[in-house]
There are 2 protein chains.
Amino acid sequence: MKLTDAEWQIMNCLWERYPATARGIAERLPKDVEWAYTTIKTLLTRLVEKGAVKENKKGNTSLYEPLLSKQNARRSALKNLANQAFDGAFGPLMHFLIEDEKLTDSQKNELLKAIQKQDKKEKSK
Amino acid sequence: MKLTDAEWQIMNCLWERYPATARGIAERLPKDVEWAYTTIKTLLTRLVEKGAVKENKKGNTSLYEPLLSKQNARRSALKNLANQAFDGAFGPLMHFLIEDEKLTDSQKNELLKAIQKQDKKEKSK
DNA sequence: TGACAACTTCTACAACTGTAGTAGAATGCT
DNA sequence: AGCATTCTACTACAGTTGTAGAAGTTGTCA
């Protein structure tokens with residue numbers, strides 16, 4: 001499932017807390033995003049049509065909650081990027097990240113630990 | 001600079017070898033991409049307008065070459081993804097990759113080495 | 001030199017995206 | 001009950017993207 005830029009904004013708010021009303025989402029959008037209320041509704045409607053969000057009419061007002069998990073959305077986005085820009089493989093992608101982006105020492109340590117931990121879990125299986 | 005899906009296809013061919021003609025690019029497109037020749041031309045024109053590609057009319061035929069480097073295109077794409085889906089930070093992105101994607105042992109080793117190497121370079125600066 | 005091939009530029013057009021207005025229904029306050 | 005507020009559903013509309021046809025121009029080979 002592929003999300004557009006605007007849809008990511010909405011989903012990010014929704015994942016942060018749900019069920020949520022359109023109004024609630026409006027309030028949790030980043031300060032610099034100034035969308036008309038109806039814009040948010042439109043986006044939500046599209047997300048419902050896509051099956052990324054569930055809508056629950058509660059009397060007068062709709063409550064929304066994600067069907068697509070953040071996990072999965074991230075996975076798709078990364079997969080997509082890997083395909084487009086890294087020959088479909090994650091290895092080169094990570095490589096690029098490590099070489100290109102400046103990591104602080106603590107970030108590096110954290111990564112090392114993460115890799116090792118993941119390693120151990122793997123072994124114990 | 002943001003590239004669309006179709007534009008990535010073109011750019012990938014162009015980075016692989018340039019200067020290149022539209023015909024040449026057509027030939028190097030993945031087998032499953034079957035675009036009319038004019039489709040490729042349209043995309044190239046748009047890329048030129050965007051400033052991602054330079055066009056060089058050689059008599060009857062145009063030669064194209066990238067102005068946008070692969071490096072930079074990748075950087076932008078990653079930055080964009082990080083912003084959208086990982087609160088703008090690369091740390092969590094990498095973390096996600098490491099935890100979520102199954103790495104083979106050798107991939108892990110390679111990463112460890114890469115991190116360490118990068119570390120050393122950093123120190124020696 | 002004429003005909004076919006290969007190029008180029010223009011135009012087209014539907015689907016998707018970003019962004020929002022309008023009108024009518026439901027709710028709430030006095 | 002009546003008016004203001006707040007929702008919702010529907011419509012709109014320009015810009016971007018994917019995809020390509022048409023028509024004119026240049027090159028090439030017999």
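Protein chains get the first letters and strands the later ones, always in sequence-line order, with residue 1 at the start of each. Computed over heavy atoms, backbone and side chain alike; hydrogens, waters and symmetry mates excluded.
- Remark: the B:Thr61 side chain and the C:dA6 base include no donor-acceptor N/O pair separated by less than 3.5 Å.
- As a whole-Å value, the separation of B:Tyr37 OH from D:dG21 P is 15 Å.
- When rounded to the nearest whole Å, the span between CH2 of B:Trp8 and P of D:dT17 equals 14 Å.
- Nucleic acid contact for B:Arg46: base, since at least one base atom lies under 4.0 Å from a heavy atom of the residue.
- For the atom pair OG of B:Ser69 and CE of B:Met11, the computed distance is 8.5 Å after rounding to the nearest 0.5 Å.
- Between A:Phe86 and A:Phe96, the ring center distance clears the sub-6.0 Å criterion.
- When the nearest nucleotides of DNA chain C are assigned to B:Lys57 and A:Asp5 by heavy-atom distance, the more 5′-ward of the two goes with B:Lys57.
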Evaluate B:Asp5 against A:Lys2 for salt bridge (charged side-chain N to carboxylate O under 4.0 Å, His left out), listing each step before the verdict. CA-CA 12 Å; B:Asp5 289 3; A:Lys2 186 145 175 192; 3.1 Å; yes

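- Out of D:dT8, C:dC7, C:dA20, the shortest distance to the side chain of B:Asn60 is found at C:dC7.
- Using a 4.0 Å heavy-atom cutoff across all strands shown, A:Thr4 reaches sugar-phosphate atoms only and no base atom.
- Side chain A:Thr38 to base C:dG21: a donor-acceptor pair is found below 3.5 Å.
- Rounded to an integer number of Å, the gap from B:Asn56 CG to C:dT8 P is 12 Å.
- In terms of phosphate contacts, B:Ser62 brings a side-chain nitrogen or oxygen within less than 4.0 Å of OP1 or OP2 of C:dT8.
- Rounded to whole Å, atom C1' of D:dC10 lies 12 Å from atom NZ of A:Lys41.
- If you take NZ of B:Lys58 and P of D:dT25, they are 23 Å apart, rounded to a whole angstrom.
- Between the CG atom of B:Leu43 and the C1' atom of C:dT9 there is a distance of 16 Å, given to the nearest Å.
- With rounding to the nearest 0.5 Å, the separation of CD in A:Gln84 from NZ in A:Lys79 is 12.0 Å.
- Rounded to the nearest 0.5 angstrom, A:Lys54 NZ and A:Leu68 CG are separated by 14.5 Å.
- OP1 and OP2 of C:dA6 both lie 4.0 Å or more from every side-chain N or O belonging to B:Arg23.
- Rounded to an integer number of Å, the gap from B:Leu44 CG to C:dC10 P is 16 Å.
- The residue among A:Glu7 and A:Gly59 whose nearest nucleotide of DNA chain C is located toward the 5' end is A:Glu7.
- Straight-line distance from the CD1 atom of B:Ile40 to the C1' atom of C:dC7: 13 Å, rounded to whole Å.
- If you check distances only, the side chain of A:Thr42 does reach the base of C:dA20 with a donor-acceptor pair under 3.5 Å.
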